[in-house]
A.B. asks: 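First the structure, then my questions, so here it is.
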Amino acid sequence: MSNNLEIALQSKQLRRAGQPGSKPDWFNRLWTLAAAPMLLLFFIPVAAIFLRLSPTDFVRSLTDPAAVQAVQLSLTTSLVSLGLILLLGTPAAYVLYRRRGRLHWLLDTLVDLPTVLPPAVAGVALLIAFGREGVVGQALRQVGITIPFTGAAVVLAQMFVAAPLYIRSAALGFAAVDCELKQAAALDGASRWQVFRYIMLPMSAAPIISGSMMAWARVLGEFGATIIFAGNLAGRTQTMPLAIYIGFENNLNVALALSAILILVSSLLLVLLKVVINRRLNGD
């Protein structure tokens, strides 16, 4: 009897030792200490931008004509790119979700490929494909359409690098829909479009929204493919990341102000994304 009591007391002490706030909690403290260098690596560079840029310099820099043009162009092209990603990426996500056919693995790899390509390679690929002497560009040039170094090139570059984030998230959302619900709707006489419109889309809303946010954040930060395929022409193709690059040579405060804007927008999108995911996990 006494042995059983001692074992119970020891087990209780062990459980208490594993709970937050127990003493001594040396194991968790050790992990926190080990994680500190990486967390500081994330925090210090971001904080340094806001410490270096005073509120007065921030406001003054945003009135600079180059900064205004870069912000306007980034917002315009990013919204156009996001709209096209939603319009064209949703069918691609549906095709991936169905997982039918022998070439599915090839399509799956093709969608993920832009996310692992170096940005310079993506820009060169777009230029070789849609340039004036490119595979598709030659045919377009014959009908009077020129894409490189235009706003259309900016949109194409943004879509190329950001669309996979949305497609992958939407495809996972479609795959998570309960098959029994779709089968029940089909038995009730619903067409495939009605099943998609009234069951799959609403139930995949959270992954679609989160994928859209991640794609938009990626679009706003696109640099490598854009500078090669679209150039860095002020007022025409110079988005905020490109203006930041030029700002280091001409006006550092403008570069810092635009960097701060991108950090704030990206942080806001991440917060909204976490809210959407938490609501989904909680079943709201």
Side-chain angles (χ1 to χ4, degrees), residues 66 69-98 100-171 211-212 214-246 249 262:
Q69 290 178 344
V71 172
Q72 291 176 344
L73 183 64
S74 288
L75 291 177
T76 302
T77 56
S78 65
L79 291 176
V80 172
S81 298
L82 181 60
L84 291 174
I85 287 173
L86 293 174
L87 179 64
L88 303 177
T90 302
Y94 185 81
V95 169
L96 287 183
Y97 138 77
R98 294 181 64 189
R100 297 177 182 176
R102 297 179 180 178
L103 297 179
H104 174 267
W105 66 271
L106 181 60
L107 296 176
D108 191 73
T109 303
L110 182 63
V111 169
D112 288 334
L113 186 60
T115 61
V116 298
L117 281 179
V121 175
V124 171
L126 289 169
L127 189 60
I128 296 301
F130 298 101
R132 292 180 178 85
E133 302 298 329
V135 177
V136 181
Q138 290 182 0
L140 294 176
R141 185 162 57 89
Q142 292 178 358
V143 295
I145 299 177
T146 302
I147 295 180
F149 309 108
T150 65
V154 176
V155 171
L156 280 179
Q158 292 173 342
M159 290 178 60
F160 184 83
V161 300
L165 298 176
Y166 168 76
I167 295 172
R168 180 60 59 192
S169 180
S212 302
M214 293 300 294
W216 192 33
R218 181 67 183 86
V219 162
L220 286 173
E222 162 51 30
F223 174 81
T226 303
I227 197 171
I228 292 177
F229 183 46
N232 191 6
L233 307 175
R236 292 181 57 188
T237 64
Q238 189 179 90
T239 57
M240 282 194 283
L242 301 183
I244 291 171
Y245 176 73
I246 293 297
E249 298 180 359
L262 287 177

A.B. asks: What's the spacing between Leu126 CG and Leu156 CG if we round to 0.5 Å?
C.D. replies: 7.0 Å

A.B. asks: Using the side chain to side chain contact (heavy atoms under 4.5 Å, CB included) criterion, which residues pair with Ile244? Sequence neighbours excluded.
C.D. replies: Phe248, Ala255, Leu258, Ser259, Leu262

A.B. asks: Give the intermediate values and the outcome of side-chain contact (heavy atoms from CB on, under 4.5 Å) for residues Glu133 and Gln138.
C.D. replies: CA-CA 5 Å; Glu133 302 298 329; Gln138 290 182 0; 3.5 Å; yes

A.B. asks: Looking at Arg236 and Thr150, what are the two nearest heavy atoms and their distance?
C.D. replies: NH2-CG2, 4.2 Å

A.B. asks: Rounded to the nearest 0.5 Å, how far apart are CD1 of Ile246 and CG of Asn232?
C.D. replies: 4.5 Å

A.B. asks: State the OG-CD distance between Ser74 and Gln158, to the nearest 0.5 angstrom.
C.D. replies: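 Output value for this atom pair is 7.0 Å.
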
A.B. asks: Tell me whether the count of non-hydrogen atoms from other residues, nucleotides or ligands lying under 6.0 Å of CZ in Phe149 goes above 12.
C.D. replies: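 It does: Phe149 CZ has more than 12 such atoms within range.
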
A.B. asks: May I ask you to test the Leu86-Ser212 pair for a side-chain heavy-atom distance under 4.5 Å?
C.D. replies: yes

A.B. asks: Locate the shortest heavy-atom distance separating Ala243 from Ala70; write the atom from each residue and the value.
C.D. replies: CB-CB, 3.7 Å

A.B. asks: Quick one: OG1 on Thr239 to CG on Leu242, what's the gap to the nearest 0.5 Å?
C.D. replies: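 Between Thr239 OG1 and Leu242 CG, I get 3.5 Å after rounding to 0.5 Å.
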
A.B. asks: Between Gln238 (side chain) and Leu233 (backbone), is there a donor-acceptor pair under 3.5 Å?
C.D. replies: no

A.B. asks: With distance as the sole test, does Thr226 use its side chain to make a donor-acceptor pair with the main-chain N or O of Ala157 at under 3.5 Å?
C.D. replies: no

A.B. asks: Treating Ser78 as the side-chain partner and Leu75 as the backbone partner, does any N or O pair qualify as donor plus acceptor under 3.5 Å?
C.D. replies: yes

A.B. asks: Return the OG1 to CZ distance between Thr115 and Phe160, rounded to the nearest 0.5 Å.
C.D. replies: 10.0 Å

A.B. asks: Counting C-beta onward and ignoring hydrogens, is there a side-chain heavy-atom pair between Val155 and Ser81 closer than 4.5 Å?
C.D. replies: yes

A.B. asks: Looking only at heavy atoms, which two atoms of Ala215 and Tyr166 are closest? And how far apart?
C.D. replies: CB-CB, 4.2 Å

A.B. asks: Could you go through Ile85 and Val219, starting from their C-alpha distance and side-chain angles, then the distance that decides it, and tell me whether this counts as side-chain contact (heavy atoms from CB on, under 4.5 Å)?
C.D. replies: CA-CA 10 Å; Ile85 287 173; Val219 162; 4.3 Å; yes

A.B. asks: Rounded to the nearest 0.5 Å, what separates atom CG in Leu220 from atom OG1 in Thr77?
C.D. replies: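 The OG1 atom of Thr77 is 8.0 Å from CG of Leu220, to the nearest 0.5 Å.
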
